[in-house]
Amino acid sequence: MNMRKIAIGLLAFALVAPSIASVSLKDKKEKKPKTEKKAKVDNKTKTSKASSSNSPRKVQTINDVEAAILGIEKIVSHTLVEVEPIVRQICESQQTKKGVCPRIYVGAANAFWLKSGVSDTTYALKYIDRAIELDPHYAPAYMLKGDIYKWADDTTEAVNYYKKAMEMAPHDFRTYRKYVQFIGSGWDKIADQAMRSNGADKEALAEEVRRRRAEMEAVYKAAKEANPTYPYNRDCARLYDRYGLTTNDYQKGIQLYEEAQKDSLEAYDYISQVRMVSAFVDNADATTKLNHYIRIMNICDSGLVRYPADYYLLTNGSDWANKAYDFVKNKQGDALYEYKKLFASRALEYSETLIASKDTAITDLDYLNYGKALINNNKLNQGIDVLKELLKSPTIKDDQVASAMGVISNTYKDMGEYDKAETAYQEYINTVESNGKLNYFHLQNYAAMYKDKAEECVGMEQVAAYKKAFDIYGQAAERFPDYADYGYINQLQLSPLIDPDQEAGVGLQPALQLYNSVSANASWQLMATRYLVGYYFNVKKSKELARKYFMRWHELDPDNETVKRNIAILYKVKL
């Protein structure tokens with residue numbers, strides 16, 4: 001008895017669903033204008049046989065069919081009773097409505113396949129075949145049939161039905177794109193694997209990726225031939241971004257975007273262009289790299305003209321403008337000064353627009369770029385405040401913590417607030433070290449901060465700052481042997497500022513390290529040798545201890561007449 005009641009209830013719902021849903025759509029028109037608009041546009045392009053009339057009756061018919069499909073989906077999702085007879089009755093009730101009857105059967109097929117919870121392909125295929133029987137030219141039926149066979153791993157049948165869909169609707173862009181999606185299914189990972197592989201495997205994979213890409217291009221070419229308005233260049237450009245293996249591929253993609261109709265480009269396409277141009281940045285020389293940065297800015301600006309609130313355009317613009325600023329900030333020249341101002345201002349404009357949008361996609365990286373942009377535009381305290389607030393984020397990543405703290409430290413240093421800079425730098429070093437990412441250059445920058453401080457001090461305070469930098473360079477050399485020579489040469493250069501008469505031998509240990517280093521260059525070894533001659537001869541008053549350093553000095557600087565004369569006088573050796 002209960003099962004019978006359920007069946008009767010479902011049947012009643014299905015039969016009244018069209019009228020209920022139509023009222024619902026009408027009532028919600030103000031809240032969901034995009035949904036209703038999409039329904040009208042989609043159905044307008046579904047068949048060339050449909051009337052172009054915009055009469056109220058036509059809109060009502062379309063709404064009835066879509067509402068009936070929603071009713072079918074709800075019914076099919078209930079697996080307590082045999083629902084197929086109910087679905088069949090609903091479809092047959094719509095069958096008399098000219099031009100829309102295949103749609104109801106395809107909708108029912110999709111419901112059985114995707115909404116039943118058991119992927120019922122038997123009924124799905126039955127209803128697709130009924131749609132094709134009613135209208136042999138109805139392309140969506142063939143597309144769905146291709147989807148089902150693709151899901152079942154029957155590639156041959158899937159291809160046949162996708163091609164049939166293109167044949168039945170040669171002017172419908174969706175049929176070609178559906179087939180291209182099928183050809184490219186899973187090939188993103190193959191393309192990535194091809195780029196990471198080596199030797200014969202790499203070439204074999206690359207060749208297969210190129211073959212697939214060419215096959216997809218051929219489909220788009222067919223679409224262009226069938227419909228001249230098809231955005232062939234844009235869609236092919238996307239292929240070169242998605243399946244690009246070399247910079248030549250990316251160059252081809254960029255060229256296709258430049259040839260594409262501008263009104264065909266979506267926000268994604270500008271991001272795609274940025275991604276391909278960015279592949280050229282790392283290995284470019286200074287002038288070319290600057291041009292790439294400018295090009296990326298121009299792409300973002302072009303995209304924002306059409307899509308002024310797009311999150312991805314704004315976040316990419318902010319990130320790349322900050323990178324461009326970092327690239328030019330320490331370079332000299334009037335032209336580069338103008339670029340510094342340009343990149344700094346553009347980064348801030350992108351960031352401020354993005355943050356003001358309160359987009360739910362905004363990330364910690366966006367706030368990091370916002371803080372940097374403020375600081376680069378001399379809004380120092382405001383930028384520090386943004387970065388300090390960012391450090392409280394529970395989702396912030398280790399590298400973002402390190403980056404934010406490094407910027408805060410450098411900003412305090414630039415402001416001359418060395419007490420705050422010292423505290424911030426020490427926290428920064430501790431954070432990076434705790435993450436296991438400390439490297440020589442972190443410590444080198446830390447030491448450089450004390451050198452900058454020393455230049456603004458006098459007397460014992462200045463010496464203390466130089467001594468602090470000296471000690472940090474020593475720690476860096478000890479902890480990172482591959483960069484030890486850099487640490488020792490920096491120590492040696494600082495030693496006369498700390499110990500001008502060499503009496504304390506401050507530079508002795510770094511000089512000996514460089515003297516014995518097999519990796520130090522000749523100029524560094526010469527500097528170390530000169531220090532050792534002076535220390536042992538002038539401070540220790542030992543002609544014999546100084547002898548080998550005099551001889552080494554001559555080897556490194558054989559044209560130095562003063563050295564030759566001293567050796568001849570002191571050691572009776574004629575050179």
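With respect to the salt-bridge test (charged N to carboxylate O, under 4.0 angstrom), the residues E157 and K150 do not qualify. The existence of a salt bridge linking D241 and R275 is confirmed by a sub-4.0 Å separation between a basic side-chain nitrogen and an acidic carboxylate oxygen. Remark: E215 engages R211 in a salt bridge, criterion side-chain N to carboxylate O under 4.0 Å. Taking 4.0 Å as the cut-off between side-chain N and carboxylate O, D399 and K397 do not count as a salt-bridged pair. Salt-bridge check for R88 with E84: passed, with a basic side-chain N closer than 4.0 Å to an acidic carboxylate O. With respect to E208 and R212, a salt bridge is recorded, a charged nitrogen being found less than 4.0 Å from a carboxylate O.
At least one cation-pi condition fails for K252 and Y250: the charged atom is not both under 6.0 angstrom from the six-membered ring centre and inside a 45 degree cone around its axis. Geometric assessment of R213 against the ring of Y243 yields a negative cation-pi assignment under the 6.0 Å and 45° thresholds.
Between Y311 and D366, the side chains place a donor N or O and an acceptor N or O closer than 3.5 Å (distance only, hydrogens not considered). No donor-acceptor contact under 3.5 angstrom links the side chains of N369 and S351, judged on distance only.
Of the candidates I355, T363, I362, D359 forms a side chain to side chain contact (heavy atoms under 4.5 Å, CB included) with just one, namely I362. Checked against Y149 for a side chain to side chain contact (heavy atoms under 4.5 Å, CB included), the options V159, L125, T121 give a single hit: L125.
Applying the salt bridge (charged side-chain N to carboxylate O under 4.0 Å, His left out) rule to pairs touching residues 278-291 yields nothing, sequence neighbours excluded. Applying the salt bridge (charged side-chain N to carboxylate O under 4.0 Å, His left out) test to residues at least two apart or on different chains, the pairs with a partner in residues 290-299 are E258-R295.
The number of heavy-atom neighbours closer than 6.0 Å to NZ of K262, taken from other residues, nucleotides and ligands shown, is above 12.
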- Message: The test is ring pair (Phe, Tyr, Trp, His ring centres under 6.0 Å); show your working for Y162 and F182 and say whether it passes.
- Response: CA-CA 9 Å; Y162 285 135; F182 168 73; 5.1 Å; yes
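Ring geometry for Y230 versus F173: interplanar angle over 60°, hence perpendicular rather than tilted (30 to 60°).
Partners of D301 under the salt bridge (charged side-chain N to carboxylate O under 4.0 Å, His left out) rule, at least two apart in sequence or in another chain, are R346. When the side-chain contact (heavy atoms from CB on, under 4.5 Å) test is applied to S302, the partners found at least two apart in sequence or on another chain are Y270. With sequence neighbours left out, the salt bridge (charged side-chain N to carboxylate O under 4.0 Å, His left out) criterion links R238 to D235, E266, D269. Under the salt bridge (charged side-chain N to carboxylate O under 4.0 Å, His left out) criterion, R306 pairs with no residue at all, not counting sequence neighbours.
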